*Asks:* 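Please see the structure below; I have some questions.
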Amino acid sequence: MRDIISGPVHLLGDDVNTDLHCSGKYLPGKDEAQIAAQAFDGLSPGFAGRFRPGGIIAAGRHFGINSSREQAVHILHRLGVAAIVAPSFGRQFFRNAINNGLLVLECETAGLADGDEITIDLAQGRLLAPRSGMQQALRALPPQIRAILQEGGLIPFLRKHPGWRISA
């Protein structure tokens, strides 16, 4: 995981539940590519076709509510989502994202517009949106979570650090 992540914003609203990007009607039996091609269609038709790898999802409150479905994070990886920023996340989704190596950060997203180029600076704990002049503080990630993300998720982390020890 890099300390600086930049990319275009793909804006979504409040209360985006996991059925909107990993719908149960496509599971089981469908592969991730097929499910990813339908991601967020009920909320933003054609979203998956517009999204480019390295993009950043900026959402409203409660992103990922409603499900403990781990496949939801796999679909976001399949889309190439670099990070998700939102004021709050469903707790199960947040933990699934960390466990599967997807950067999720809590911060205010009001003022961001679809297509804004933003920079996330993890070392400084800031989100910068030059077009709007926005500078937003990020809730700091604990070193343990950063270490898990650095390794690509919990399983790769535990393979490398079976005693759950990280250097400070």
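What you see is a predicted model; the values in this text were computed from it and never measured.
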*Asks:* Report the distance from atom CZ of Phe94 to atom CD1 of Ile145, rounding to the nearest 0.5 Å.
*Replies:*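 So the gap between those two atoms works out to 5.0 Å.
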*Asks:* Would you say the side-chain atoms of Arg139 pair up with the backbone N or O of Pro87, donor to acceptor, closer than 3.5 Å?
*Replies:*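 No; judged by distance alone, with no hydrogens or angles, the pair does not exist.
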*Asks:* Can you see which heavy atom on Glu106 is nearest to which on Phe89, and at what distance?
*Replies:*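 The pair with the smallest heavy-atom distance is CG-CD1, 3.7 Å.
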*Asks:* Minimum heavy-atom separation for Ala137 and Cys107, please, with both atom names.
*Replies:*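 Heavy atoms of Ala137 and Cys107 come nearest at O-CB, 3.5 Å.
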*Asks:* Rounded to the nearest 0.5 Å, what's the gap from CZ on Arg131 to CG on Leu112? Could you check?
*Replies:*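 Answer rounded to 0.5 Å: 9.5 Å.
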*Asks:* Let me check something: do Val104 and Leu138 share a hydrophobic cluster, defined by ILVMFWY side-chain heavy atoms less than 4.5 Å apart, either directly or through other members?
*Replies:*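 They do share one cluster, since a chain of ILVMFWY contacts under 4.5 Å joins Val104 to Leu138.
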*Asks:* When you group the ILVMFWY residues by side-chain heavy-atom contacts below 4.5 Å and let the links chain together, are Leu158 and Ile98 in the same group?
*Replies:*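 As far as the 4.5 Å side-chain criterion goes, Leu158 and Ile98 are connected within one cluster.
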*Asks:* Looking at every non-hydrogen atom in both residues, tell me the closest pair between Ala123 and Asp3 and how far apart they are.
*Replies:*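 Taking Ala123 first and Asp3 second, the nearest heavy atoms are CB-OD2, 3.9 Å.
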*Asks:* First locate atom CG of Asp116, then atom OG1 of Thr109, and finally report the distance between them rounded to the nearest 0.5 Å.
*Replies:*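 Going from CG on Asp116 over to OG1 on Thr109, the span is 11.5 Å.
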*Asks:* Could you give the distance from CZ (Arg146) to CG (Leu103), rounded to the nearest 0.5 Å?
*Replies:*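 That separation rounds to 9.0 Å.
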*Asks:* Could you tell me how the ring of Phe63 sits relative to the ring of Phe93: parallel (under 30°), tilted (30 to 60°) or perpendicular (over 60°)?
*Replies:*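 Phe63 and Phe93: perpendicular rings.
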*Asks:* Main chain of Gly49, side chain of Arg52: is a donor-acceptor contact present, judged purely on distance under 3.5 Å?
*Replies:*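 Yes; judged by distance alone, with no hydrogens or angles, the pair exists.
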*Asks:* What are the two closest non-hydrogen atoms of Glu117 and Pro130, and how far apart are they?
*Replies:*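 Heavy-atom minimum between the residues: O-CD, 3.4 Å.
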*Asks:* Do you reckon Ile57 sits in the same ILVMFWY cluster as Ile4, going by side-chain contacts under 4.5 Å, direct or chained?
*Replies:*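 Ile57 and Ile4: separate clusters.
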*Asks:* Could you pull out every donor-acceptor pair under 3.5 Å between side chains of residues 73-85 and any protein atom, sequence neighbours left out?
*Replies:*
from: His74; atom 1: ND1; to: Glu32; atom 2: OE2; distance (Å): 3.3
from: His74; atom 1: NE2; to: Asn100; atom 2: OD1; distance (Å): 3.4
from: His77; atom 1: NE2; to: Asn100; atom 2: O; distance (Å): 2.7

*Asks:* Determine, using the 4.5 Å side-chain heavy-atom cutoff (strictly less than), whether Leu43 and Phe51 are members of one ILVMFWY cluster.
*Replies:*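 Yes, Leu43 and Phe51 fall within the same hydrophobic cluster.
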*Asks:* Could you pull out every donor-acceptor pair under 3.5 Å between side chains of residues 5-15 and any protein atom, sequence neighbours left out?
*Replies:*
from: Ser6; atom 1: OG; to: Thr119; atom 2: OG1; distance (Å): 2.9
from: Asp14; atom 1: OD1; to: Arg61; atom 2: N; distance (Å): 2.7
from: Asp15; atom 1: OD1; to: His62; atom 2: ND1; distance (Å): 2.9

*Asks:* I'd like to know if the side chain of Asp121 and the backbone of Leu127 have a donor-acceptor N/O pair within less than 3.5 Å.
*Replies:*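 No, the answer is negative, given that no donor and acceptor are paired below the 3.5 Å cut-off.
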*Asks:* What heavy-atom pair brings Glu108 and Met134 nearest, and what distance separates the two atoms?
*Replies:*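 Looking at all heavy atoms of both residues, the shortest contact is O-CE, 3.5 Å.
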*Asks:* Taking Leu122 as the starting point, is it possible to reach Leu128 by hopping between hydrophobic residues whose side chains are less than 4.5 Å apart?
*Replies:*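 No, it is not one cluster - the side chains of Leu128 and Leu122 are not joined through contacts under 4.5 Å.
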